[in-house]
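From a predicted model like this one, the values you see are computed outputs, not experimental measurements. Just so it is clear: chains get the letters A, B, ... in the order the sequence lines come, proteins before strands, and each one is counted from 1.
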Amino acid sequence: MLKSTSPATPPPERFRFPKSAHLRDGRDFARVREGGKAVQGRLLKLALFCPRTGGVAKVGIITSKRVGGAVVRNKVRRRLRELVRHSRAHFPPGSLIVAIAKPAAAAASFDELREEWLLLARRLSIFPAAA
RNA sequence: CUCCGAUGGCGGACGGCCGUUCUCCGCGAACCGCAAGGUGGCGGGGAGAGGAAAGUCCGGACACCGAAAGGCAGCAUGCCGCGUAGAACGCGCGGGGGAGAGGGACGAAAGUCCCUUUCAACGGACAGUGUCACAGAAAACAAACCUCCUCUCGGCGAAAGCCGGGCGGGAAGGGUGAAAAGGCGGGGUAAGAGCCCACCGCCCCGGGCGCAAGUCCGGGGGCACGAAAAACCCCAUGCGGUGCAAGACAGAACAGGAGGAACCGGGUUGCCUGCCCGAUCCUGCGGCGCAAGCCGCGGGUGACCUCCGGGUAUUAGUCGCAGUCCGAAAGGACUGUCUCGACCGCAAGGCCGAGGCAAGACAAAUGGCCGUCCAAGCCCCGGCGCAAGCCGCGGGCCGGACAGAAUCCGGCUUACAGCCAUCCAAAAACG
RNA sequence: UGCCCUGUGGUGUAAUGGUAACACAGCGGCCUUUGGAGCCGUUAUUCAUGGUUCGAGUCCAUGCGGGGCAG
């Protein structure tokens, strides 16, 4: 299952992704876009910005109209949210992360999305223990 | 029998682990903010996408704009009736005539009538302006190329006649075209022609039927009336504008300065009139704050849905009637309605009664993964059948169509795998 | 979410309802030692599907695509 493929040994607590961990403020998005580090693959583009010293890490997901219709975009966003939910505990505290879905993500399976997500996250050194 | 078709309905089911939004109960008291206020922890219960949520093509509700007053412009609609005098519509239902297709009857033919089915944005072309390419002699106060006919001139010929030209007559035939100026038959004629006659069509009048659009019957006219209004346009009817990013509330912050003022400036939907405002005013410039909070926003509510039963009653109202006002008039508006009279329908629906129901975000919830099953698709096996194909308590593979609420409703349009139910008339086609 | 505008060769523009025109670019050819210039030729489902009309790029309806505005 998902637990076994996570990069670090998952803690026994449950994985959640409440609204307080969502990146929602437009200024935060602008800060990540201008001051963050970004890598991209075939399906995704990932950006990281670590300005703050504490607090919960916030993640924003962008699925533009280029990805597809409303149904497709919902599907991709929900899958990305599921990935974030499972690996959220390893994010550096206070970091701001933005995940942007590219059009190819519409046709990708959940497993393909997960491999790309882990690869890009490692490249950004989001997981300190695994990196 | 199958395929196709029409109409209506459904739009996978059950379960496990984890997650998410809203809400309720209990426990608990932390964080953010100047503040109003917001966010959050633990346990448990409940609720959470569609028939199209879509396109935004119509109509409303609701909110604001207060001159939301008149006119012009503009836009929309356009056979009739009903739903709807208990929202509105460009919607629905039914009817009418029309057009296309198929069939049948009568007839010599032209055509007429009947049946079935499909379609439509079906007011007006004597109110006016404009258009009808090419072809053709002529294309909208018709015309005369070939041909036809009378008369006449010339030539040839024994003659009948033939060839060529001219003044006329005519619109039947040929040919062109999308369309050739009523059709067809007969009479008539030099040849012809509604010139005359019968039938059909058209127009007008009268009567019957129908709520009406219309239709049927009778009489008359003698044809005068081409197409196109999805060309401009005319007529009738309707429309104030903007749209939830409408708009309301709460607090925080800041800095003012300039100009204008009744023969001026600004506002008021595109224009005009008119109206309103002008120093506690208006317009620029600048400053502060910011796509922040909260309400609108989701409901004991609604033009809601479903079902069965009942009956044509009651009330508001409309018509009629009376009065007042506006208008040159036609007509319109308002008030009253004491008494008297009229008011469902073919159907759809409406009325009365009973029951049911309901998500709500704002970088935006309704999910991720897995299992079992039911349909469907493909392949194989077996059976039936001449065949197309059908059937199977046989197996395998694959694996859910179109599509995601954003203020809320009523419609329309468009997309859609598969399944279910009903219908399939006349006739035709396939095996 | 609401509202508005727009669609003709590869690009930019034309076209009273009557044979889709022009410029540039592209391709082929002529000319030239080669290239450029010049000349000749070639390149269109007028976004799609229906409808009105004898006839539609034009008029009408629906759909599709592209663009813009907003507190």
For [N] and [X] - does any side-chain N or O of the residue sit under 4.0 Å from the phosphate oxygens OP1/OP2?
X: A:Lys75; N: B:A403; value: no
X: A:Arg77; N: B:G367; value: no
X: A:Arg73; N: B:A364; value: no

[N] glycosidic torsion: syn (within 90° of 0) vs anti:
N: B:A49; answer: syn
N: B:G155; answer: anti
N: C:G12; answer: anti
N: B:G19; answer: anti
N: B:G51; answer: syn

Check whether A:Ser87 reaches the backbone of A:Leu83 with its side chain - one donor and one acceptor, N or O, closer than 3.5 Å.
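Judged by distance alone, yes, a pair lies under 3.5 Å.
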Report yes or no: does A:Glu116 contribute a side-chain atom to a donor-acceptor pair with the main-chain N or O of A:Leu113 at less than 3.5 Å?
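Answer holds: no.
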Could you tell me the Watson-Crick or G-U partner of [N], where both distances fall under 3.5 Å? Say none if there is no partner.
N: B:G284; result: none
N: B:A88; result: none
N: B:G43; result: B:C25
N: B:U56; result: none
N: B:G15; result: B:C370
N: B:G331; result: B:C326
N: B:G300; result: none
N: B:A248; result: none

[N] versus [M] - spacing of their [atom1] atoms, nearest Å:
N: B:A333; M: B:G327; atom1: C1'; answer: 11 Å
N: C:G57; M: C:A44; atom1: P; answer: 16 Å
N: B:C113; M: B:G51; atom1: C1'; answer: 47 Å
N: C:A61; M: C:U53; atom1: C1'; answer: 16 Å
N: B:U77; M: B:C430; atom1: C1'; answer: 48 Å
N: B:A105; M: B:A428; atom1: P; answer: 13 Å
N: B:C225; M: B:C424; atom1: C1'; answer: 46 Å

What's the separation between atom [atom1] in [X] and atom [atom2] in [Y], rounded to the nearest 0.5 Å?
X: A:Phe110; Y: A:Glu82; atom1: CZ; atom2: CD; value: 5.5 Å
X: A:Leu120; Y: A:Leu46; atom1: CG; atom2: CG; value: 5.5 Å
X: A:Glu115; Y: A:Arg42; atom1: CD; atom2: CZ; value: 10.5 Å

Taking Watson-Crick and G-U wobble pairs with both distances under 3.5 Å, convert RNA chain C into its dot-bracket string, 5' to 3', dots for unpaired and | for cross-strand pairs.
(((((((..((((....[..)))).(((((.......)))))....(((((..]....)))))))))))).
Could you walk me through whether A:Phe49 and A:Lys37 pass side chain to side chain contact (heavy atoms under 4.5 Å, CB included), step by step?
CA-CA 6 Å; A:Phe49 183 60; A:Lys37 246 188 345 173; over 6 Å; no
Check every strand shown and say whether A:Arg81 touches a base, only sugar-phosphate, or nothing at a heavy-atom separation below 4.0 Å.
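If one applies the 4.0 Å heavy-atom cut-off, A:Arg81 turns out to touch the sugar-phosphate alone, with no base involved.
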Could you tell me whether A:Arg85 contacts a base, only the sugar-phosphate backbone, or nothing, with contacts defined as non-hydrogen atoms closer than 4.0 Å?
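Base contact - A:Arg85 has a heavy atom under 4.0 Å of at least one base atom.
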To the nearest Å, how far apart are [X] [atom1] and [N] [atom2]?
X: A:Leu113; N: B:C369; atom1: CG; atom2: C1'; answer: 14 Å
X: A:Asn74; N: B:A363; atom1: CG; atom2: C1'; answer: 13 Å
X: A:Phe17; N: B:A363; atom1: CZ; atom2: C1'; answer: 11 Å
X: A:Arg78; N: B:C369; atom1: CZ; atom2: P; answer: 12 Å
X: A:Arg79; N: B:U366; atom1: CZ; atom2: P; answer: 14 Å
X: A:Ile61; N: B:G368; atom1: CD1; atom2: P; answer: 13 Å
X: A:Leu80; N: B:G367; atom1: CG; atom2: C1'; answer: 13 Å

Over all heavy atoms of both residues, which pair between A:Arg77 and A:Ile61 is shortest? Give the atoms and the distance, please.
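Reported closest heavy-atom pair: CG-CG2, 3.9 Å.
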Nearest listed nucleotide, side chain of A:Glu82, among B:A363, B:G367, B:C369:
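Of the options given, the side chain of A:Glu82 lies nearest B:G367.
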Which residue in the set A:Asn74, A:Ile100, A:Val76, A:Val72 passes side chain to side chain contact (heavy atoms under 4.5 Å, CB included) when paired with A:Thr63?
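Of the listed options, the one satisfying the test is A:Val76.
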Going by side chain to side chain donor-acceptor pair (under 3.5 Å), name the residues that satisfy it together with A:Lys102, two or more places apart in sequence or in a different chain.
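Once residues adjacent in sequence are excluded, the partners of A:Lys102 under the side chain to side chain donor-acceptor pair (under 3.5 Å) criterion are A:Gln40.
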Map A:Ile62 and A:Gly69 onto RNA chain B by nearest heavy atom, then report which one ends up closer to the 5' terminus.
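Comparing both residues, the 5'-ward one is A:Ile62.
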Any link between A:Ile97 and A:Leu119 through a network of hydrophobic side chains (Ile, Leu, Val, Met, Phe, Trp, Tyr) touching at under 4.5 Å?
no
